[in-house]
A.B. asks: 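The structure is given below, and queries will be raised subsequently.
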Amino acid sequence: MRGLSSQGIAATLYFMRYFPQKIESKWQARWLKGKIYEPDLLARPRRRGIGTRAKKPFYNLMMFPYPSAEGLHVGNMYAFTGADIYGRFKRMQGYDVFEPIGLDGFGIHSENYALKIGKHPMELSRITEKNFYRQLQMIGNGFAWQERLETYDPEYYKWTQWIFVRLFKEGLAYRKKQAVNWCPSCKTVLADEQVISGECERCGSKVHKKDLEQWFFKITDYAERLLKNLEKIDWSERIKIAQRNWIGRSEGALIKFALSRNYADTTRTNTEILRKSASSQRESAFIEVFTTRADTLFGATYLVVAPEHPMLMNQESGIMNYGEVRGYIQNAKSKSEEERIAASKEKTGVELKGVKAINPANGEMIPIWVADYVLGNIGTGAIMAVPAHDERDFEFAKKFDLPIRQIVAPETGEKRNKEEFRDGGSGVVFDPETQKYAIAHWKKGEREWYGLFSGGVEEGEDIEKGILREIKEESGYYDFVHVEQIETAFAHYHNIPRNVDRFAKATCFLVILKTTAVQEQKLETHEDFIVEWVSAGEILENLERNNYNHEHDHWIRFLKQAVGRAIELRYDTTSAPSIFHQRVHTNSGILINSGKFTGTDSEKAKWEITKFVKGKRTVHYRLRDWLISRQRYWGPPIPMIFCENCAKRSRTSDGSPTSDGLGWHPVPEKDLPVRLPYIKKFRPTGTGKSPLASVERFYKVRCPKCKSWARRETDVSDTFLDSAWYFLRYPSVREEKKPWNPAITKKWLPVHMYIGGAEHSVLHLLYSRFLAMVFSDWGLTHFEEPFAKFRAHGLLIKDGAKMSKSKGNVVNPDEYIRAYGADALRMYLMFLGPFEQGGDFRDTGIKGITRFLERVWRFGQVQISQNLRSQIPISKKVPNPKSKIQKILHQTTKKVTEDIENLQYNTAISALMVLLNEFESNKEKVSGEDINVFLKLLAPFAPHISEELWQRIFSTTYNLQPTTFRSIHLELWPKYNPKLIQEDTFELVIQVNGKLRGRATLPMGAKEKEAKDAAMQIEQVRKFLTTEPKKIIFVQNKLINFVV
RNA sequence: GGGCAGGUGGCGGAAUUGGCAUACGCGCAGGGCCUAGGACCCUGUCCCGUAAAAGGGGUGUGGGUUCAAGUCCCACCCUGCCCACCA
């Protein structure tokens, strides 16, 4: 076909149109037939030794979707495309990439959807499966279709149940009665991780607490390792932080507070009480609290126990108002979690009459309260309340008028050195009549500032008297209606009048005037200041403006605290600026009012005080055990059998159960799977029992041990258990005897790259890590961490808002694929923004990508027709290594390679656009080799169009059988030559005083002299260089800056 | 309340170590092609200023460091996400 006939040209022109749908389905079918995305998973070499087994395994995993019949969400496609680009890139780098896909179709989400549309989940799953796989096929990912799995497949959940059995046998699965999260709408219990701000993760209903006996996994045994291992894995930092917070390790102390029932006589001294308590301690009645702030023990002015606390269970603890307390407990328990949180602003509680606790630090008798702001399942369920340094305790103390004692004094200014501090303070003088504050307006030299009246305390003088004396001396006011100590701080400050640096323990007093009468004669006359009345706003503004002096740090604190207190006393209710909120000091500082620990740094005092009161230093985790039971239908039945007969026999003589069993037996492994029966009444019951509990043929079984009639567990397991181990099954889906094949697992795991949503940072990802660690401990695998590398992709939103069904802005990828093709949609999604940051889907944007692909197509067609016309095919034309095209080609190769590695797909695509622009403006200089490289760089993003063009231009296999062709996706990734990237000239930026005044092109490596000469050539530069420059800054290959 | 991410043209977003702010794309404007529309191609597009230049301003706000700041430091404001009475 040398000369083209007119029909030939017409045919060519017709062919030039880009029909993505046509080529996309064609290549998808060929890839599938050719098995180009199926690595050889087997581990052992082939018999004759020369194996073609995978040499460089690369397990590229993405989070499998939970399907609903609505179909694939564009957000799924966003995640999958981003993961697939990485996989394709690795494949072209010579790795044997394994990229499996499956469906997480078991569990509440799928069941709720089935309920909503009134279909049986078992039937629905067959429909959604088909639909999902069809859609997943269409997006053009390099999936290993032969290894797909579905979590509701008995061949899969057989092993999910097997894991449960093993965990039970190893003591990591146990049953206990506990107040658990109950979702009234889903009619099941939920794990803590599935309760978001008191609401059900799935349906958003408010979650209640319910006392139920449930199955738990002992994930808390692994808390420390789950935390520590985070250091070793290459994960998105934000996910690691989320896990760290969720595990919530905190170091603290367990401190015992002895109880006393003889507190009526309040006249006794502390020593007497101590003696008394020492004797009453023999009764060993005490409350143990957990605290991370043992340093504040001297400020513990009362104790609070949770409504669930065991001491409230028996009347014998000596509570005189037991009826009232019980009423409170019942009321608290009936509240939902949400109500308890919502009510957090308004604290409630009841004092336990007839009992007091003894603060072990100072022997003080302190009251005990029950209040629901203390939670039963956190720490010991009891706290020591330090209202001066904890906001919740502070609120509670204010409401019930309990004593507040400051223990930790903040330190303002720089860190204290060893110098001795002076005792002193300041007074905030307030006149309720005018709502103004009296201050000293200083003037000294050029400086002018406001200050509080302040001074040092003289020997033998008490601090309050000292401050009042200073106020009288400095201002003349003496007629006070209210004097109150507000706060103490340790402050470095500069005494301006005397021009010396000082360190002081400063106490602030709020002084409210009765009258503004002035003492006839001030005792001291200051030349440097005058007394002025200003509003709080004015004084604060002045203090903040002149913040050159450390003294002001604590003055600002004092003023805010004092004004806050004045507001509270209702001396000022109208003109208070919002900044004046009384704040509780919760940070570290220096101890005051703390016996022999006074003056110590609070951080240091923490463990000293713990030791002093014989407390126990311990570590506490926020993480709690994983609640596994679900009272639902659509999940793997928990493979356990309860035998009443065995339960009876295993009890010891006194009736308590023995350690080895309460009659619970795991289903023997040979009997797995426990198949989920098809039942018509699958709706959740709401009775606390699964719908399976009324299916006799399911639950009525023989005890595996004693063969008497027994009852099968009818709850199913949490859906997160299904997905916690699926990555182990993928490479071993054909393994029948074990959950995973050890040799294959050894070869392919841990997962090399895992990409998924950040919303799973503490659910799925934590559970998977837990199980992987357990399997490793059992010697079943060789790794503790399942995912060597994990990257969280960003959230795809639509027109600035989150996509949701209620907003009706969910994008269905099908329509877009039909209209623009999968390649265009893939590239558009990736072009929206940085993959790890997410993007905003707007319909207008996809046109740009479509245009780009059409231009690629047209450019390719020109090559094809030239191939046909020319004796020497374009593909054989040798590129000129010195040409501009070569340079930009190699630069682009470098950029695209690096960007894909960093998941910065948006900039990689932009680089490809720049390259195409360059091709188009230098058409005649583009060689076949250049196009070859371009298509390979494009291949991970737009796999279909690049395959089609590559085959037509370069391959001899285009028309061969689908099974014998050589795909571009198996070609090697282009390499760049760093030498070709090197520019030999650069554009010198010429600045005068940092402002751009001109440019010049110079050879790379030009010296300062040459740069200067070049700069002087330019009129615009000379114009600004009237005098000899003071300084010349020269940055090689970049710029020259003249400072004049 | 805490943690994290972020704030740059009309919009999505670029910007190595601090060194030409706004790459690439969308949109918009003008022009070409065409009976016309669409598609496509070319040119322009941060703001003020100008016939055009020259010049000036400009990366959430206010300060600082520097010859030079989107980038570093301090304080603050706003948005999004996650967590939240965790002792």
Side-chain angles (χ1 to χ4, degrees), chain A residues 196-198 236-242 244-246 248-250 252-253 289-293 296 304 306 340-341 343-345 347 371-375 377-386 390-393 395-396 544 547 586 620-624 758-759 761-762 794-795 797 799-802 828 831-834 836-849 851-852 854-855 858 898 904 906-914 916-917 920 987-999 1020 1023 1029-1035 1037-1044:
Chain A
I196 316 292
S197 316
S236 301
E237 200 51 38
R238 57 185 165 133
I239 304 298
K240 290 204 211 177
I241 289 165
R244 257 178 225 127
N245 291 345
W246 189 263
R249 184 185 201 273
S250 55
V289 303
F290 175 77
T291 178
T292 54
R293 292 297 305 271
T296 62
V304 187
R340 258 172 95 155
I341 292 165
S344 65
K345 278 166 204 147
K347 296 258 183 306
D372 66 2
Y373 83 93
V374 172
L375 305 178
N377 51 358
I378 292 164
T380 59
I383 61 153
M384 62 178 213
V386 185
D390 181 284
E391 296 192 32
R392 295 151 299 172
D393 298 343
E395 264 178 63
F396 192 81
E544 280 178 349
N547 193 14
T586 54
H620 176 256
Y621 299 93
R622 185 196 123 107
L623 180 73
R624 269 159 290 150
E759 69 274 15
S761 41
V762 288
L795 193 70
I797 57 171
D799 299 323
K802 207 172 171 175
Y828 173 59
F831 190 57
L832 284 174
E836 289 181 82
Q837 226 171 278
D840 190 352
F841 191 101
R842 282 165 206 256
D843 289 350
T844 51
I846 199 163
K847 279 193 183 167
I849 291 290
R851 265 178 220 163
F852 169 74
E854 273 166 359
R855 278 162 56 208
R858 237 174 294 140
E898 288 168 359
Q904 285 156 355
N906 56 333
T907 47
I909 292 171
S910 114
L912 289 170
M913 288 172 169
V914 173
L916 182 68
N917 290 347
E920 286 184 334
E987 196 158 72
L988 178 78
V989 172
I990 302 156
Q991 295 179 335
V992 179
N993 283 341
K995 277 196 197 293
L996 177 73
R997 297 298 176 193
R999 303 154 211 268
Q1020 286 306 323
K1023 207 167 101 184
K1030 278 190 214 126
K1031 202 171 166 187
I1032 297 173
I1033 282 111
F1034 175 70
V1035 183
N1037 299 337
K1038 262 198 184 118
L1039 67 80
I1040 187 161
N1041 185 12
F1042 299 93
V1043 186
V1044 290

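Below, chains carry the letters A, B, ... as their sequence lines are ordered, and counting in each starts from 1. The structure presented is a predicted model; accordingly, all values stated were derived computationally and were not measured.
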A.B. asks: Using only modelled atom types and a 3.5 angstrom limit, is any donor from either the side chain of A:Lys1030 or the base of B:C67 paired with an acceptor on the other?
C.D. replies: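 When only heavy-atom distances are counted, A:Lys1030 does not reach the base of B:C67 through any donor-acceptor pair under 3.5 Å.
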A.B. asks: Write down the distance separating the P atoms in B:U71 and B:G9, rounded off to the nearest Å.
C.D. replies: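 The answer is 15 Å between these two P atoms.
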A.B. asks: Confirm from the modelled atom types if A:Gln837 and B:G6 form a donor-acceptor pair under 3.5 Å, side chain to base only.
C.D. replies: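 It does not, because no donor-acceptor pair links the side chain of A:Gln837 to the base of B:G6 below 3.5 Å.
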A.B. asks: Can you check the distance between B:A53 and B:A69, where both ends of the measurement are the P atom (answer in whole Å)?
C.D. replies: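 Straight-line distance between the two P atoms is 27 Å.
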A.B. asks: Under a 3.5 Å threshold, yes or no: a donor from one side chain and an acceptor from the other, between A:Arg622 and A:Asn245?
C.D. replies: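 No pair is found: no donor N or O on one side chain lies under 3.5 Å from an acceptor on the other.
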A.B. asks: May I ask you to verify if any side-chain N or O of A:Arg238 is less than 4.0 angstrom from the OP1 or OP2 atom of B:C81?
C.D. replies: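 Answer is no, no contact under 4.0 Å.
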A.B. asks: Look at the side chain of A:Lys1038 and the base of B:U17, then say whether one donor and one acceptor between them are separated by less than 3.5 Å.
C.D. replies: yes
A.B. asks: Could you work out the separation of B:G32 and B:A39 based on their C1' atoms and round it to a whole Å?
C.D. replies: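 Pairwise C1' distance, B:G32 against B:A39, rounds to 14 Å.
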A.B. asks: Please give the distance between the P atoms of B:C77 and B:C85 as a whole number of Å.
C.D. replies: 24 Å
A.B. asks: Please state whether the rings of A:Tyr828 and A:Phe841 are parallel, tilted or perpendicular, taking 30° and 60° as the class boundaries.
C.D. replies: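 The rings of A:Tyr828 and A:Phe841 stand perpendicular, inter-plane angle above 60°.
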A.B. asks: How far, in whole Å, is B:G6 from B:U17 if one measures between their P atoms?
C.D. replies: 15 Å
A.B. asks: Quick one: is B:A14 close enough that its OP1 or OP2 comes under 4.0 Å of any side-chain N or O from A:Asn906?
C.D. replies: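 Yes, such a contact exists.
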A.B. asks: Quick check for you: among B:C67, B:C86, B:G25, whose closest atom lies nearest to any side-chain atom of A:Arg855?
C.D. replies: B:G25
